[in-house]
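Below is one structure, written out as structure tokens; the observations come after it.
Here is the naming used below: chain letters follow the sequence lines, and residue numbers restart at 1 for every chain. Bear in mind that the values here come from a model prediction, so they are computed numbers and not experimental data.
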Number of protein chains: 2
Amino acid sequence: MEKARRRATIIDVGRHAGVSAKTVSRVLNGEPHVSPAVQQRVRDAAASLHYHPNMLARALVRQRSMLLGLVYENPSASYVVELQRGMLTRLADTPYRLVVFPIASIIERSGEVAGLLRSAGLDGVVLAPPAADDLRILNDLASAGIACARIGPSRAIELAPSNIVDDITAAREIATHVIELGHRTIGIIKGHASHAASEARTMGYSQAFYAAGLPMRLDLVEQGDFTRESGHAAAERLLARAEAPTAILAQNDDMAVGALLAARERGLTVPDDLTLVGFDDSEISRICWPPLTTVRQPVFEMAREATDMVIAQLEDRPPLLRHDHPHDLLIRASTAAPPRS
Amino acid sequence: MEKARRRATIIDVGRHAGVSAKTVSRVLNGEPHVSPAVQQRVRDAAASLHYHPNMLARALVRQRSMLLGLVYENPSASYVVELQRGMLTRLADTPYRLVVFPIASIIERSGEVAGLLRSAGLDGVVLAPPAADDLRILNDLASAGIACARIGPSRAIELAPSNIVDDITAAREIATHVIELGHRTIGIIKGHASHAASEARTMGYSQAFYAAGLPMRLDLVEQGDFTRESGHAAAERLLARAEAPTAILAQNDDMAVGALLAARERGLTVPDDLTLVGFDDSEISRICWPPLTTVRQPVFEMAREATDMVIAQLEDRPPLLRHDHPHDLLIRASTAAPPRS
DNA sequence: CACACCTGTGTCAACGTTGTCAACGTCGGA
DNA sequence: TCCGACGTTGACAACGTTGACACAGGTGTG
């Protein structure tokens, strides 16, 4: 086992191969105008010295760190996994690396966020909600010259490259499905207010109610924050009412699973006693029992595409400014007609 | 919206405050021996220029990038989420950042891995299996002077700081539980052979069989690779046999969930028709139905602790070399006595 | 044969920051 | 009054790499 010794530099390699550092640099970066003989000597020298380029020095002089960030809020949400997979898929076999920035309560600290990203030396970032909707952050990134692309913004779509799904329509469709099954007393578990998607999805639900001639029952709207625990608590509050809903619309799958557990604890069977729907088609919506009726948002594809948008900017290709992604209503086993009372 | 202009440097701040760059550096790093008046001037200047230190330059001269890596193999495995959460928890409010390195087939490419980590300029890494068991990688990291700590290695424990659970005992306990319920024909779904844990867990099962006077039925051992799909396929092979097992021991929860779906497709009810256990206590083992009997490995805590070991090395504190973590047999609803045939 | 141009190589200055060392006061004590 | 110590500041050289430029020699063109 070798001792930790000073890392070989490009100069050491040069000396070893009898050429200048610059020539080594040329060989290692595949630049033209180096004779084959020298190329071979340099490669041999590099190998025998176990030379590996120092990214930091390279980053400093090139003004490119090859570091991309992913900014999101809740590290345990199941869609974060998809976000990462999407980015990593695009980044595989590129020299870019992924740095993760889970940030608690982004909105209150949006002032710090850009400074954080700036001093981390990132070349670009992918912003997930709610950062994707924060104008302050967008502005600061632009002025710092950091490329960015967004996932699921609902506001100011034109300001920066965006990957969008039509939350309103998707929410309307899933609510319509529940209404058509015959439900009339329908509870809603909203996501965190800082996410613009919460508002959009609620609007979609309300459109469906309106179209069906149903009132929008504000007393059956409970606030959650996209975590399973909050879904559990919200469902408990809904199910404890005198007039308990026969169906619950949760604004993401995590909260729906929380509601599912809450229902199970009360001895209710889904979907016989309670119809339950989520949003996102995250992995757990397929794994839990019953699998959840939900709306598929192509989070993986959006993340991959967003990453591509960032890379395009870094490579001076004109980035796509707006990519509309399709959603899909997935009817699974968690929805049924309401029980006859 | 401001135009992307050149980032302010420490020199600009110095000029603006009427001091040298070095003095600015001192103020910003909280070094002593700077008069309060100058400190204030420098801070004001920095704020008015929107100055943020350039981590890359700092990294170059300090030989510290403040970047820690997480090396793992399968980006979708549910325990990777726990790994990340553990690391990020320890890293919160430190200047360190997390860079993720999902690497396909680590074992075949262990030669490249260290080079990759080295040239990324990492200060340290946390190695998850199977990288944690790869001597080549350990060796290369040591010679490159990169701090490391490991999670769940089964081999060469003494070589680098390790966070371990006793896989053998844990596996023996869960197998014993199944045997005590009365099962005699027990299938096994192994994890990927490159993970030393697969071997260890299989040994634990075999000890339980031996102690109970049962033969170790090699014909009932199926190979998986820790993914849900592989668990699904392996379970199908097991259940299609003439003498199908009444219980299946899966070496992680993902594969157990795959087996659960396979059983469901065949019309089998867990646990009435088939007893099923997993390993890891990952989130999905609690969410699926029935919730899985499994062994809790404190992955979150191990990751947090491993991160602490790395940081200790970077701060020249003597790191803990070995941390044994407790496991827990969690008996849930997926296990029951075998059906009377 | 002069000239432009290309190939192959080297020199040097950046990139933004911090460590080292020296210089300049000022103050307390001998 | 002089000396050493200390607090405060700056000059300068790193850190490892690449971009801009220079230069030597060869090759093709008019």
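Between Thr23(A) and the phosphate of dG10(C), there is a side-chain N or O to OP1/OP2 separation shorter than 4.0 Å. At least one side-chain nitrogen or oxygen of Ser25(B) sits closer than 4.0 Å to the OP1 or OP2 atom of dT18(C).
Between Ile11(A) atom CD1 and dC12(C) atom P the separation is 13 Å, expressed in whole Å. Note: CG (Asp12(B)) to C1' (dT17(C)) measures 13 Å, nearest angstrom. Atom NE2 in His33(A) sits roughly 5 Å away from atom P in dT7(C) (whole-Å rounding).
Across the interface with DNA chain C, nearest-nucleotide mapping of Pro36(A) and Ala21(A) shows Pro36(A) to be the residue nearer the 5′ end. Nearer to the 5' terminus of DNA chain D, by closest-nucleotide assignment, is the contact made by Lys22(B) (compared with the other of Lys22(B) and Leu60(B)). Each of Ala57(B) and Val19(B) was matched to the nucleotide of DNA chain D holding its nearest heavy atom; the match closer to the 5' end belongs to Val19(B).
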For residues 120-132 of chain B, run the donor-acceptor check on the side chains, cut-off 3.5 Å, and write out each pair with its distance to 0.1 Å, sequence neighbours left out.
{"unit_1": "Asp123(B)", "atom_1": "OD1", "unit_2": "Ser65(B)", "atom_2": "N", "d": "3.0"}
{"unit_1": "Asp123(B)", "atom_1": "OD1", "unit_2": "Ser65(B)", "atom_2": "OG", "d": "3.4"}
{"unit_1": "Asp123(B)", "atom_1": "OD2", "unit_2": "Ser65(B)", "atom_2": "N", "d": "3.1"}
{"unit_1": "Asp123(B)", "atom_1": "OD2", "unit_2": "Met66(B)", "atom_2": "N", "d": "2.7"}

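Looking only at distances, a side-chain donor or acceptor of Thr307(B) sits under 3.5 Å from a matching main-chain atom of Ala303(B). Here the side chain of Asp134(A) pairs a donor or acceptor atom with the backbone of Arg136(A) at under 3.5 angstrom.
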Are Ile106(B) and Ile137(B) close enough, and set up right, to give a side-chain contact (heavy atoms from CB on, under 4.5 Å), and what steps lead you there?
CA-CA 10 Å; Ile106(B) 286 178; Ile137(B) 291 177; 3.9 Å; yes
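Side-chain contact of Arg304(A) with Thr89(A): a donor-acceptor pair under 3.5 Å is absent, judged by distance alone. Counting only N and O atoms by type, the side chains of Arg150(B) and Ser162(B) include a donor and acceptor under 3.5 Å apart.
For DNA chain D, the outermost nucleotides in 5' to 3' order that have an atom under 4.0 Å from a heavy atom of chain B are dG7(D) to dG16(D).
Asp44(B) has no carboxylate O lying under 4.0 Å from a charged side-chain N of Arg41(B), or vice versa, which leaves the two without a salt bridge.
In this structure, the separation between CD on Glu301(A) and CG on Asp308(A) is 13.5 Å, given to the nearest 0.5 Å.
Using a 4.0 Å heavy-atom criterion, one finds that Pro53(B) contacts the sugar-phosphate atoms exclusively.
Taking the C1' atoms of five terminal pairs at each end of the helix from dC1(C)-dG30(D) to dA30(C)-dT1(D), the two resulting helix axes are inclined by 50°, rounded to 10°.
Within the 4.5 Å cutoff, the side chain of Val99(B) has heavy atoms near those of the Phe101(B) side chain.
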